[in-house]
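Accompanying notes for the structure given below.
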Amino acid sequence: MTQYWLFKSEPDVYSIDQLKEDTKKYGGTYWEGVRNYQARNFMRQCKTGDLVLYYHSNCKPPGIVGIAKVVKEAYPDPVQFDEKNTYYDPKSSPDNPRWSVVDLAFVKKFKQKISLDELRSVPQLADMKVVRKGNRLSITPVTKKEFEVITSMPHVSAAVLS
DNA sequence: GCCAACGTTGGC
DNA sequence: GCCAACGTTGGC
């Protein structure tokens with residue numbers, strides 16, 4: 001059964017356009033750098049074929065910009081062992097890796113971003129973690145219902161006047 | 001740039 | 001195992 005997730009990314013660091021490029025070139029990308037146990041545990045539950053709402057954070061306005069899918073299930077994050085990498089973790093070792101990644105591939109970019117404000121205005125999405133104040137978790141589960149509500153919004157296929 | 005909301009660390 | 005101090009995320 002397909003599960004649904006929301007992955008956050010800062011567009012300055014890794015945008016959906018870069019994911020699209022990497023998908024064209026390499027078939028996808030590995031989601032490096034998650035260093036939070038809750039987010040890691042969610043990532044380890046990801047199954048091939050799961051669908052991902054792609055959220056741009058730390059930008060104006062923050063919001064969901066498209067859809068990705070899981071193309072490879074959790075395996076050790078390669079950069080945790082690389083001393084020169086920002087995400088190097090000296091407490092992790094190859095025989096006992098602490099952090100995981102999954103591979104994601106680009107599926108689609110919405111015609112228009114669904115901003116956080118707009119998400120908050122939809123009553124059926126009131127329980128989503130991302131609309132809650134102070135939520136910092138970069139990977140959160142999404143219900144089928146929430147995913148369907150979002151992907152049937154007009155932003156997905158046509159520009160919306162705001 | 002501020003600050004709320006957490007997660008992590010480390011002294012005890 | 002408690003909790004204060006500190007660090008990070010991310011909206012505003």
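Below, read A as the first sequence line, B as the second, and so on, with proteins coming before strands; counting in each chain starts at 1.
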(request) Specify the residues of residues 75-83 of chain A, ordered by number, for which at least one heavy atom lies under 4.0 angstrom from an atom of DNA chain B. (result)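 Here the set is empty: none.
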
(request) Show your working on side chain to side chain contact (heavy atoms under 4.5 Å, CB included) between A:L53 and A:I150 and close with a plain yes or no. (result) CA-CA 9 Å; A:L53 296 169; A:I150 288 164; 3.7 Å; yes

(message) Exactly one of A:K111, A:K113, A:Q112, A:E118 should register a side-chain hydrogen bond (donor to acceptor under 3.5 Å, both in side chains) with A:H155. Which one does?
(response)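 Of the listed options, the one satisfying the test is A:E118.
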
(request) Supply the atom-to-atom distance A:L19 CG to A:W31 CH2, rounded to the nearest 0.5 angstrom. (result)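 Answer rounded to 0.5 Å: 7.0 Å.
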
Using atom names, set out every protein N or O paired with an N or O of nucleotides 1-3 of chain B below 3.5 Å, distance rounded to 0.1 Å.
none

(request) Name all residues meeting the side chain to side chain donor-acceptor pair (under 3.5 Å) criterion together with A:S92; count only those two or more places apart in sequence or in a different chain, and write none if there are none. (result)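 By the side chain to side chain donor-acceptor pair (under 3.5 Å) rule, A:S92 matches A:Q80.
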
(request) Check side chain to side chain donor-acceptor pair (under 3.5 Å) between A:D50 and all other residues, then give those that pass, not counting sequence neighbours. (result)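 For A:D50, the residues satisfying side chain to side chain donor-acceptor pair (under 3.5 Å) (neighbours in sequence not counted) are A:Q3, A:W5.
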
(request) Could you tell me the separation between the NZ atom of A:K129 and the C1' atom of B:dG7, rounded to a whole number of Å? (result)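 It is 16 Å, rounded to the nearest whole Å.
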
Review item, nucleotides 8-12 of chain C N/O atoms under 3.5 Å of protein N/O:
residue, atom, partner, partner atom, Å
C:dT8, O2, A:R136, NH1, 2.5
C:dT9, O3', A:R136, O, 3.4
C:dG10, OP1, A:K8, NZ, 3.1
C:dG10, OP1, A:R136, O, 3.1
C:dG11, OP1, A:Y55, OH, 2.8
C:dG11, OP2, A:N58, N, 2.9
C:dC12, OP1, A:R120, NH1, 2.7

(request) Give a yes or no on this: more than 12 heavy atoms of other residues, nucleotides or ligands lie within 6.0 Å of atom NZ of A:K69. (result)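 It does not: A:K69 NZ has 12 such atoms or fewer within range.
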
(message) Under the ring-ring contact (aromatic ring centres under 6.0 Å, His included) definition, can you give me all pairs with a residue in residues 66-116 of chain A, not counting sequence neighbours?
(response)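 For residues 66-116 of chain A, and leaving out neighbouring residues, the ring-ring contact (aromatic ring centres under 6.0 Å, His included) pairs sorted by first residue read A:Y37-A:W99.
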
(message) Whether A:D77 and A:R98 form a salt bridge (side-chain N of Lys/Arg under 4.0 Å from carboxylate O of Asp/Glu) is what I want to check.
(response)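 Result for this pair is no, no salt bridge flagged.
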
(request) Report yes or no: do A:V52 and A:V107 belong to one cluster of Ile/Leu/Val/Met/Phe/Trp/Tyr joined by side chain heavy-atom distances under 4.5 Å? (result)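 No; A:V107 is not reachable from A:V52 via cluster members.
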
(request) Determine, stepwise, if the pair A:V70 / A:L51 fulfils side chain to side chain contact (heavy atoms under 4.5 Å, CB included). (result) CA-CA 6 Å; A:V70 176; A:L51 294 171; over 6 Å; no

